[in-house]
Amino acid sequence: MVGITAYGGYVPRLRMDRQAVYAANKWFAPGLRGNAKGERSMGNWDEDAITMAVEAARDCLAGGDADMDGLYFASTTQPFKDRQNSGVIGTALNREEGLAVADFAGSQKAGTTALIAALDAAKAGRRVMVAASDKRKTRVASAHELQFGDGAAALMVGTDKVIAKFLGGYSTSVDFVDHFRGDESDFDYTWEERWIRDEGYAKIVPPALKKALTQLNLKGSDIAHFIMPSLMGAVPKQMAKAAGVAETAVRDLMTEKLGDTGCAHALVMLVHALEGAKAGEKIMVVGFGQGLDVLVFEVTAELAKLAKRNGISGWLARGKSEKNYMKFLAFNDMLPIEKGMRAEFDKKTALSILYRNRDMIYGLVGGKCKVCGTVQFPRSQVCVNPNCHAVDSQEPFSFAGLECSIMSWSADSLTFTPDPPAYYGMITFPEGGRFMADFTDCDSEQVKVGQKMRMTFRIRDVDSMRGGFKRYFWKATPV
Amino acid sequence: MAKGIKDKVAILGMGCSKFGERWDSGAEGLMVEAFMECIKDAGIDMTQLQAAWFSTAIDEVHVGKSGIPLSTTLRLPNIPVTHVENMCASGTEAFRGACYAVASGAVDFALALGVEKLKDTGYGGLPGGRGAPLQQLWAANQTAPGSFAQLASAYMVRHDVKYDDLKRAIGHVSWKSHQNGAKNPKAHLQKAVEMDTILNAPMIASPLRRWACSIAAACPMALPRPSSPRRKSPSRWARRT
């Protein structure tokens, strides 16, 4: 049996209040009023498609090792045009040797396409993780600014302990350009909604859904969860109806609290559906973007045995409302904000040094001394224990999944950070090891001595002088 | 068996530049200012100097590397100059090196000079940057005030000190320092700062506020010499090893 064996999700902590966005822009675009309800997720300044995918992947692994043969990463906002983005995620998961990685991009159905590729690999006996994530930039006072959200989902696909059996599906390609993002732009360019609905969705989707159902010898009424992202709220219901799927089966687009997470959204909605699905239920997933992918799954009894994880619901529940639209713009590099001279320091990365230390920097791997057992970060040639000082005695020891606590801290207003003040301090791990770490996703009242923290993979610097090379490392955030 | 340097070295003369932002001067000017005072105080001729130790911590914003800046600025008489760096302890590092040279008997007269001219960066506070290329990849985004602030936040919890008491204690140290500084004609600030001003100053790196953070550039120096320089007071003798 081939199918999904585990799921994970991620939603950034900040939620941009749409009314605040509208209030700032209504002088210019009063027509946005209809979209000015609820909140959209908003990545912190130190989050991008890779960091969100890492969090979703960790959630999918639920604290376990990255036991997999492949890692496929889908995003239309891959941080690197030429550098294996999925490989960065793999290294952050402390997994490289023998790992087949691939980046999927170029369409809003990239997430479902990556999932199909992973299912194909699973048929050949491989265990593959699919991570999908998007953090799209939007123009000021655009509808997209209100409609989009930032988020990620991850699915493990294989043949062992399948929680959702893959029944089959159907894919087709149609060069229907409802929108595009050209090589010269950071933003989407969209054609008229009515045309997209009538010539696009209405003519392309229903026949494909019917083909998929016929092939699987199913009826529309067999589908318990119909998942189809769209920026037009009524469209999924119309498509479901055309395929005979009950309106009650159509999954909520999660507009109210999250927004559309781009090519990740079909998988985000799938993860959300799996969180509450029951054995025997059939789930239809539709990814639309210059054609479409249709996938049908059947939930198994294994789902109820899956270890606890945050999923999309868990991360959604820990949100913090943000009413400062200026902060949203600044975090998304949409505001030429005065950063001061301390922002000018050169961020050039010595790639050879990064490579030698990539397990430390990307995997947060320290050391454990084979002679005295002392756990330490960073791993050094000479053991830190003054009663040991053994040389070349340390085995790799991963800190990424460990909880730590704050020993000392400061809120620094002198140093440059996109979100002042900069919180950082000494963190200590009960297993051993301590270092001075940056904090992220925290409020002043959470930063105190003894506060329990978890580690999260984040951007620390962006080298704008060299085309935007991103420096990633781990930061501590309140549990 | 090591015997240390106790009673083997004496300070012959001292000089110190005026502290301050010193928009009028580069590091070279501060070095000359302190050296002229020192050599006059020592009562020896510059040609008698046989070795020099030169310290800086953030030389990338003023003199740069090597001992050459000291040699060329003072036109030293073709003597070896050792450039040392050890962050805030750089000055004492130069002094220690000069003492050892004299104590060992290698030279009769050695010069120790430390200089820092930090206010030509275009921004306030200590010059930034995150150190070595590997550190840049993982060290926290920290500044000097933020590093020292760590002590306060941990101390407060460890010894159950209330924030207001801690704030007042830190403020009192600043108040005392500025009271003393105002009496020194070479101090940056010639006017004492009131407690209210200190306690209500802008936060730099909590709990350290504006007046608890260092702001000035300095240039002290010293001259060690062996044997018994009777004309100098015993308090100028190097006592530590």
Side-chain angles (χ1 to χ4, degrees), chain A residues 46 340-358 360-362 364 377-378 406-428 435-440 444 447-451 460-461 463 471-476, chain B residues 58 60-61 87 118-163 165-167 170 200-215:
Chain A
D46 59 359
M341 288 187 187
R342 286 181 187 273
E344 293 170 5
F345 302 141
D346 196 345
K347 309 287 197 309
K348 182 176 181 175
T349 295
L351 296 175
S352 43
I353 292 175
L354 173 62
Y355 177 69
R356 280 200 297 274
N357 297 281
R358 68 191 187 284
M360 168 194 169
I361 302 298
Y362 283 175
L364 200 67
F377 188 92
I406 297 177
M407 291 179 73
S408 65
W409 61 274
S410 183
D412 193 328
S413 301
L414 182 62
T415 196
F416 168 73
T417 168
D419 188 20
Y423 289 98
Y424 55 81
M426 190 64 83
I427 51 167
T428 184
F435 63 96
M436 195 80 87
D438 289 320
F439 302 160
T440 189
S444 58
V447 180
K448 52 184 188 285
V449 174
Q451 167 71 42
R460 53 180 285 124
D461 292 313
D463 182 1
R471 285 173 158 175
Y472 297 102
F473 185 58
W474 295 76
K475 298 180 184 176
Chain B
I58 313 179
E60 62 270 23
V61 300
M87 285 188 150
L118 304 175
K119 292 306 304 282
D120 288 317
T121 55
Y123 55 89
L126 287 171
R130 286 200 220 164
L134 177 57
Q135 286 180 338
Q136 287 182 34
L137 300 179
W138 73 282
N141 183 13
Q142 74 196 79
T143 60
S147 306
F148 292 115
Q150 304 290 322
L151 298 169
S153 62
Y155 183 92
M156 193 168 72
V157 173
R158 176 77 173 77
H159 297 286
D160 201 18
V161 179
K162 289 193 177 63
Y163 176 75
D165 292 339
L166 182 86
K167 179 181 172 182
I170 291 172
N200 296 311
M203 196 69 92
I204 302 294
S206 67
L208 301 184
R209 291 169 188 270
R210 178 69 181 75
W211 299 101
C213 299
S214 65
I215 45 176

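Only this structure's heavy atoms are used, side chains among them; waters, hydrogens and symmetry mates stay out. Owing to the predicted nature of the structure, the values given are computational and were not obtained by experimental measurement. Here is how names work: the chains are called A, B, and so on, in the same order as the sequence lines, proteins then strands, and each is numbered from 1.
If you measure heavy-atom distances from A:Phe377 to chain B, the contacts under 4.5 Å come from the side chain alone. Heavy atoms of A:Ile361 lying under 4.5 Å from chain B belong exclusively to its side chain. Interface residue A:Lys348: only backbone heavy atoms are found under 4.5 Å from chain B. Looking at A:Leu354, the atoms closer than 4.5 Å to chain B (heavy atoms on both sides) sit in the backbone and in the side chain alike. Only the backbone of B:Leu126 comes within contact range of chain A, with heavy atoms under 4.5 Å apart. Heavy atoms closer than 4.5 Å to chain B are found in the side chain of A:Phe435, but not in its backbone.
When the candidates B:Gly122, B:Ala144, B:Ala205 are compared by the number of heavy-atom contacts under 4.5 Å with chain A, B:Ala205 comes out ahead. For chain A, the option among B:Gly146, B:Ala152, B:Ala154, B:Pro202 with the highest count of heavy-atom pairs below 4.5 Å is B:Gly146. Ranking A:Tyr472, A:Phe473, A:Trp474 against chain B, the residue ahead of the rest is A:Phe473, based on heavy-atom pairs under 4.5 Å. In terms of heavy-atom pairs under 4.5 angstrom with chain B, the leader among A:Met426, A:Met360, A:Met407 is A:Met360. When A:Ser413, A:Gly425, A:Ala411 are compared by the number of non-hydrogen pairs under 4.5 Å with chain B, A:Ala411 comes out ahead.
Under the 4.5 Å side-chain criterion, counting only non-hydrogen atoms from C-beta, A:Trp409 is in contact with B:Ser206. In this structure, the side chains of A:Asn357 and B:Leu134 come closer than 4.5 Å at one or more pairs of heavy atoms.
To the nearest 0.5 angstrom, A:Arg471 atom CZ is 14.0 Å from B:Trp138 atom CH2. Atoms CD1 and CD, from A:Ile353 and B:Gln136 in turn, are 8.5 Å apart once rounded to the nearest 0.5 Å. With rounding to the nearest 0.5 Å, the separation of CZ in A:Arg342 from OG1 in B:Thr143 is 7.5 Å. Summarising the geometry, atom OG belonging to A:Ser410 is positioned 10.5 Å from atom CD1 belonging to B:Ile204; distances are rounded to the nearest 0.5 Å.
The nearest pair of heavy atoms linking B:Thr121 to A:Met341 is O-SD, 3.6 Å. When all heavy atoms are compared, the tightest approach of A:Leu414 to B:Pro145 is CD2-CG, 3.8 Å. The two residues A:Ala437 and B:Ala140 make their nearest non-hydrogen contact at C-CB, 3.9 Å. Across all their heavy atoms, B:Ala139 and A:Arg460 have their closest contact at O-NH2, 2.7 Å.
The stretch residues 144-153 of chain B participates, sequence neighbours left out, in these side-chain hydrogen bond (donor to acceptor under 3.5 Å, both in side chains) pairs: A:Ser408-B:Gln150, B:Gln142-B:Ser147.
Counting heavy atoms of neighbouring residues, nucleotides and ligands inside a 6.0 Å radius, atom OH of B:Tyr123 exceeds 12 of them.
Neither side chain, B:Asn141 nor A:Thr417, offers a donor N or O lying under 3.5 Å from an acceptor on the other.
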